[in-house]
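By convention in this document, chain letters (A, B, ...) are assigned in the order of the sequence lines, proteins followed by strands, and residues within each chain are numbered from 1.
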Amino acid sequence: MSLTLYNTLTRHKETFEPIEPGKVRMYCCGVTVYDYCHLGHARSYIAWDVVCRYLRWRGYQVHYVQNFTDIDDKILKRARTEGSTMEAVSEKYIAAYFEDMDRLNVLKADEYPRATHTLNGIKRLIHELEQKGVAYAADGDVYYAVRKFPNYGKLSGRKLDDMEAGASGRVENPEEAKKKDPFDFALWKGAKPDEPAWESPWGSGRPGWHIECSAMVREQLGEEIDIHVGGADLVFPHHENEIAQSEAVTGKSLSRYWLHNGMVNVDGEKMSKSLGNFTTIRQLLDEPLEILGGDRFHPMALRLFVLQAQYRKPIDFTGEAIAAAQNSWHTLTEGLLFGFEYGQSLGWSDVADTSFGDPTCMRIPESSEAVRRFQSAMDDDFNSPGGLAVLFELAKELRRAGNLITHQGQADRSAEDLRQDWQILVCLAQVLGLEAKPEPTTTQSEGKNNDTAIEEIIQARQAARKAKNFAESDRLRDLLAAQGIALIDQPDGTTRWHRG
RNA sequence: GGCGGCAUGGCCAAGUGGUAAGGCAGGGGCCUGCAAAGCCCUUAUCCCCAGUUCGAAUCUGGGUGCCGCCUCCA
């Protein structure tokens, strides 16, 4: 079976074949660090995290690079309003980015290059573009001449002439006046007063936005990479421009596959900074929510919410969706914690090991139906909803078995079967970055002391039931329920109980 | 106006030629003094029209609706 993925470049699903067998070079356009990340960012980076995890699970050696844009007008604006510096603003939001992504269990990329650390590469690239005759200097700025690059538009599928005809409401400003063509874009911007600037052959200034990615890809991964990813809103002009910059210099294809994630919508409209309809990740996770009865939204539930849609489709962010995801996560959690909850009573031999429950130490049968179905879904352009269906089936079956153990004393399947299902669930969930940690167990001693008292109450209740004094019986049930003790009357007349 | 994408049950979402996965949310029943758990049953001719085919949610043509990009944007 082979992995297929939808390539924006060709608008088709294609079989994945890396340039170098077994190895994947992957680049992701990261954030411009001038504010906290919102759900759109969360969606994007969770999606690519899963792509990365899945490729590794499939045996590829992945080199994953994601940048930070730390030179930008919006950062400067922020610095001004905060009486701070561009550097300080960047550092603050880079740290915040990592905090947020850690909570969402997004793995670290291998490298995080920054524009401010890539100035030499950027200047070298601009110089080479000038030599190739596709860039021109204009009064301190340097622009890319899009008409000089015959393939311009190949990614986004647009033609310059068509766009020009329909371009609406283009505001005239001094920068526009310097351009030979309205679609030319800045590679280098001449310094303005009170702005950070770097020396260059074209005078003091700073790089344009698109050029940094071309330079960083080249520095970190080389002239040709396997997969380039980012939000669908980056297709044009950002990725189109990246292709123009890189390919004009190298003459090689920048990336074999271009993957783009769908947008997060609110009330059917794209969530974005400019529309002001965004919710930040930390806002969503930190605030008690009415729709959840005052509970907080679990970070893994957010992850689940994202993965319940295929990465290319838009997702609608609604209260109902939050509640559904939270409930779904609860179901999945019960399955994921099964081993911790019941492994001991099932007589599993390794429950006391420190590595117990660690998916990296588990061996699961690749030929099993569940693994096969999971892989076949994910092989189809990372169809995570299909993969999740497998996880839910396993989780629900384990929950059923767990309930039987709690309520009837034993499950109807062998300890070995259950062990295997649990391990498959934990491992596959890990591929999607979904993890449940067991709660720290309530102190054993505290529990033990109460046990005899509880038993006595149960005895009293038994007596009441025998005497058909159900009012008293129910009173005692409620009494214990108030302490978190649940009673289960068995068909044979005995009563089991458990906490929680 | 140009380019692209999407349209499956109350909500979300798989399924790309053989008579509709999964999740969430509901309903009914069995069992139980009550309860818990378990078990059983239960909600779709897949936007509309026409066509291809023995057979289509799945292919073709047309229509309608929604969304994204064309300006910073994940």
Side-chain angles (χ1 to χ4, degrees), chain A residues 6 8 11 13 28-32 34 37-48 69 72-74 153 156-159 161-171 183 209 229-238 240 260-265 268-275 278 304-305 308-310 312-316 318 320-332 373 377 380 383-393 395-396 399-408 412 465 468-471 473-474 477-478 481 486-491 496-498:
Chain A
Y6 182 87
T8 306
R11 298 224 170 69
K13 281 187 188 173
C28 172
C29 285
V31 280
T32 301
Y34 70 102
C37 286
H38 58 63
L39 293 180
H41 299 112
R43 203 263 168 107
S44 189
Y45 301 119
I46 287 171
W48 308 131
T69 296
D72 176 86
D73 284 338
K74 292 187 288 295
S156 54
R158 47 191 90 203
K159 297 182 178 71
D161 296 329
D162 293 344
M163 286 197 294
E164 207 162 20
S168 62
R170 192 168 287 273
V171 182
F183 291 100
W209 174 38
V229 303
D233 50 356
L234 297 183
V235 173
F236 189 92
H238 184 58
E240 196 69 70
H260 294 97
N261 65 274
M263 301 292 98
V264 174
N265 295 155
E269 270 198 324
K270 177 184 165 183
M271 177 179 289
S272 75
K273 289 292 177 68
S274 45
L275 290 173
F278 62 93
L304 193 57
F305 166 65
Q308 270 173 332
Q310 206 269 350
R312 283 192 286 122
K313 293 203 167 185
I315 48 179
D316 209 18
T318 62
E320 202 174 328
I322 290 176
Q326 184 93 327
N327 287 334
S328 301
W329 172 242
H330 184 70
T331 299
L332 216 45
R373 283 173 58 210
D380 181 14
N383 179 358
S384 52
L388 281 172
V390 177
L391 302 199
F392 275 106
E393 284 171 35
K396 286 206 157 185
R399 179 174 68 177
R400 194 183 67 83
N403 282 331
L404 287 176
I405 294 170
T406 300
H407 293 270
Q408 290 171 25
D412 56 358
R465 290 180 71 207
K468 301 233 187 254
N469 183 357
F470 295 123
S473 161
D474 288 345
R477 177 192 283 284
D478 293 343
L487 301 184
I488 304 141
D489 296 326
Q490 301 287 294
R496 305 174 62 89
W497 66 274
H498 65 92

What does A:Val264 touch in the nucleic acid at a heavy-atom separation under 4.0 angstrom: a base, only the sugar-phosphate, or nothing? base
Work out how far the C1' atom of B:G15 is from that of B:C67, and round it to whole angstrom. 23 Å
Per atom distances to the A:Ser473 side chain, the nearest of B:G33, B:A13, B:A74 is B:G33
Hey, is A:Glu240 close enough to A:Arg158 for a salt bridge, meaning N to O under 4.0 Å? no
Rounding to the closest angstrom, what is the interatomic distance between B:U43 and B:A37 at atom C1'?
25 Å
Applying the 3.5 Å cut-off to both distances, the Watson-Crick or G-U partner of B:U60 turns out to be B:A50
Across every strand shown, the nucleotide meeting Watson-Crick or G-U wobble geometry with B:G55 (both distances under 3.5 Å) is none
So, is A:His41 near the phosphate of B:A74, with a side-chain N or O under 4.0 Å from OP1 or OP2? yes
Is it the case that A:Lys13 places NZ or CZ above or below the six-membered ring of A:Tyr6, under 6.0 angstrom from the centre and within 45 degrees of the axis? no
Against the side chain of A:Leu404, the closest entry in B:A25, B:G38, B:A35 is B:G38
Item to complete: Say whether, by atom type as modelled, one donor and one acceptor occur between the side chain of A:Arg43 and the main chain of A:Gly262 under 3.5 angstrom.
Response: yes
Inset, instruction - Kindly say if A:Asn383 contacts the phosphate of B:G15, meaning a side-chain N or O under 4.0 Å from OP1 or OP2. - result: yes
Determine the interatomic distance between C1' on B:C59 and the same-named atom on B:U16; round to the nearest Å. 9 Å
For B:U16, the nucleotide meeting Watson-Crick or G-U wobble distances (both under 3.5 Å) is none
Practice item. Taking atom P in both B:U45 and B:C6, compute the distance separating them and give it to the nearest angstrom. Key: 24 Å
- prompt: OP1 or OP2 of B:C34 sitting under 4.0 Å from any side-chain N/O of A:Arg465?
  reply: no
Whole-Å distance, A:His238 NE2 to B:U71 P, equals 16 Å
Review point. Within the pair A:Lys396 and B:C24, is there a side-chain N or O less than 4.0 Å away from OP1 or OP2?
Key: yes
- Message: Say we look at B:A36 and B:A74: how far apart would their P atoms be, to the nearest angstrom?
- Response: 49 Å
Of the candidates B:A36, B:G68, B:G33, the side chain of A:His407 sits closest to B:A36
On RNA chain B, more 5' by nearest nucleotide between A:Ile315 and A:Val31 is A:Ile315
Check whether the side chain of A:Arg43 and the base of B:A74 form a donor-acceptor pair under 3.5 Å. no
Quiz item: Just checking A:Leu234: base, sugar-phosphate only, or nothing, at a heavy-atom cut-off of under 4.0 Å?
Solution: sugar-phosphate
When rounded to whole Å, the CZ to C1' distance for the pair A:Arg373 and B:A21 reads 7 Å
> Is A:Lys13 near enough to B:U16 that one of its side-chain N or O atoms lies under 4.0 angstrom from OP1 or OP2?
Replying inline: no
Would you indicate what A:Asn261 reaches in the nucleic acid, counting non-hydrogen atoms under 4.0 angstrom: base, sugar-phosphate, or nothing?
-> base
**Asked** Between A:Lys159 and A:Asp161, is the closest basic N to carboxylate O distance under 4.0 Å?
**Response** no
query: Using a cut-off of 4.0 Å on non-hydrogen atoms, how would the nucleic acid contact of A:Gly268 be classed: base, sugar-phosphate, or nothing?
result: sugar-phosphate
In whole angstroms, the gap separating C1' of B:G10 from CD of A:Glu320 amounts to 8 Å
The Watson-Crick or G-U wobble partner of B:G10, with both key distances under 3.5 Å, is B:C24
Open item on the list: With a 3.5 Å cut-off and heavy atoms only, can you find an N or O donor on one side and an acceptor on the other between the side chain of A:Asn265 and the base of B:C67?
Closed with: no
To the nearest angstrom, the NE2-P distance between A:His260 and B:C6 comes to 16 Å
Review point. Is a side-chain donor or acceptor of A:Ser328 paired with a backbone partner of A:Ala324 at a separation under 3.5 angstrom?
Key: yes
Between A:Gly230 and A:Ala389, the residue closer to the 5' end of RNA chain B by nearest nucleotide is A:Ala389
- Main-chain N/O of A:Gly40 paired with A:Ser44 side-chain donor or acceptor, under 3.5 Å: no
When rounded to whole Å, the CD to P distance for the pair A:Gln310 and B:C12 reads 17 Å
Ion pair present between A:Arg496 and A:Asp489, side-chain N to carboxylate O less than 4.0 angstrom?
-> no
Taken to the nearest whole Å, NE2/A:His38 to C1'/B:C72 is 11 Å
Phosphate-side-chain proximity, A:Lys313 and B:A7, N/O vs OP1/OP2 below 4.0 Å: yes
For this session: Give a yes/no verdict on a cation-pi contact between A:Lys270 and A:Phe278, requiring under 6.0 Å between NZ or CZ and the six-membered ring centre and an angle within 45° of the axis.
Result: no
Checking B:C69, B:A14, B:C24 against the side chain of A:Pro385 (C-beta onward), the nearest is B:A14
query = Which is true for A:Phe305 with a 4.0 Å heavy-atom rule: it touches a base, it touches only sugar-phosphate, or it touches nothing?
reply = nothing
Distance only, no hydrogens: is a donor on one side chain within 3.5 Å (strictly under) of an acceptor on the other, for A:His260 and A:Thr8?
yes
Q: Using a heavy-atom cut-off of under 4.0 Å over every strand shown, decide if A:Thr331 touches base, sugar-phosphate, or nothing.
A: sugar-phosphate
If you take atom types as modelled and just measure distance, does the side chain of A:Asp474 reach the base of B:G33 with a donor-acceptor pair under 3.5 Å? yes
Mind checking if A:Phe470 touches a base, just sugar-phosphate, or nothing, with heavy atoms under 4.0 Å?
base
A:Phe236 atom CZ is separated from B:G2 atom C1', nearest whole Å, by 11 Å
- request: Could you check whether A:Ser274 gets within reach of a base, just the sugar-phosphate, or nothing at all, counting any heavy atom under 4.0 Å?
  value: base
Give a yes or no answer on whether the side chain of A:Asn383 reaches the backbone of A:Gly386 with a donor-acceptor pair at less than 3.5 Å.
yes
Mate of B:C3 across any strand shown (Watson-Crick or G-U wobble, both atom pairs under 3.5 Å) is B:G68
Categorize A:Leu304 for me: base, sugar-phosphate, or nothing, with a 4.0 angstrom heavy-atom threshold over every strand shown.
nothing
**Message:** For B:G38 and A:Asn403 - does any side-chain N or O of the residue sit under 4.0 Å from the phosphate oxygens OP1/OP2?
**Reply:** yes
Atom CE of A:Met271 and atom P of B:C69 are separated, to the nearest Å, by 14 Å
I'd like a list of close polar pairs between nucleotides 3-5 of chain B and the protein, N/O only, cut-off under 3.5 Å.
unit_1: B:C3; atom_1: O2'; unit_2: A:Ser156; atom_2: O; d: 3.4
unit_1: B:C3; atom_1: O2'; unit_2: A:Gly157; atom_2: O; d: 3.1

(message) Test your reading of the model: is there a side-chain donor-acceptor pair from A:Ser272 to the backbone of A:Leu275, 3.5 Å cut-off?
(response) yes
(message) Need one value for A:Asp380: base, sugar-phosphate or nothing, where a base atom within 4.0 Å counts as base even if backbone is also close, heavy atoms only.
(response) sugar-phosphate
I want to check one thing: is the phosphate of B:C69, taken as OP1 and OP2, less than 4.0 Å away from some side-chain N or O of A:Lys270?
yes
(Q) Strictly below 4.0 Å, N to O, side chains only: are A:Arg465 and A:Asp474 in salt-bridge contact? (A) no
Do any side-chain nitrogens or oxygens of A:Ser272 fall under 4.0 Å of OP1 or OP2 in B:A74?
no
Which of B:C39, B:U71, B:A74 is nearest the side chain of A:Arg400? It is B:C39
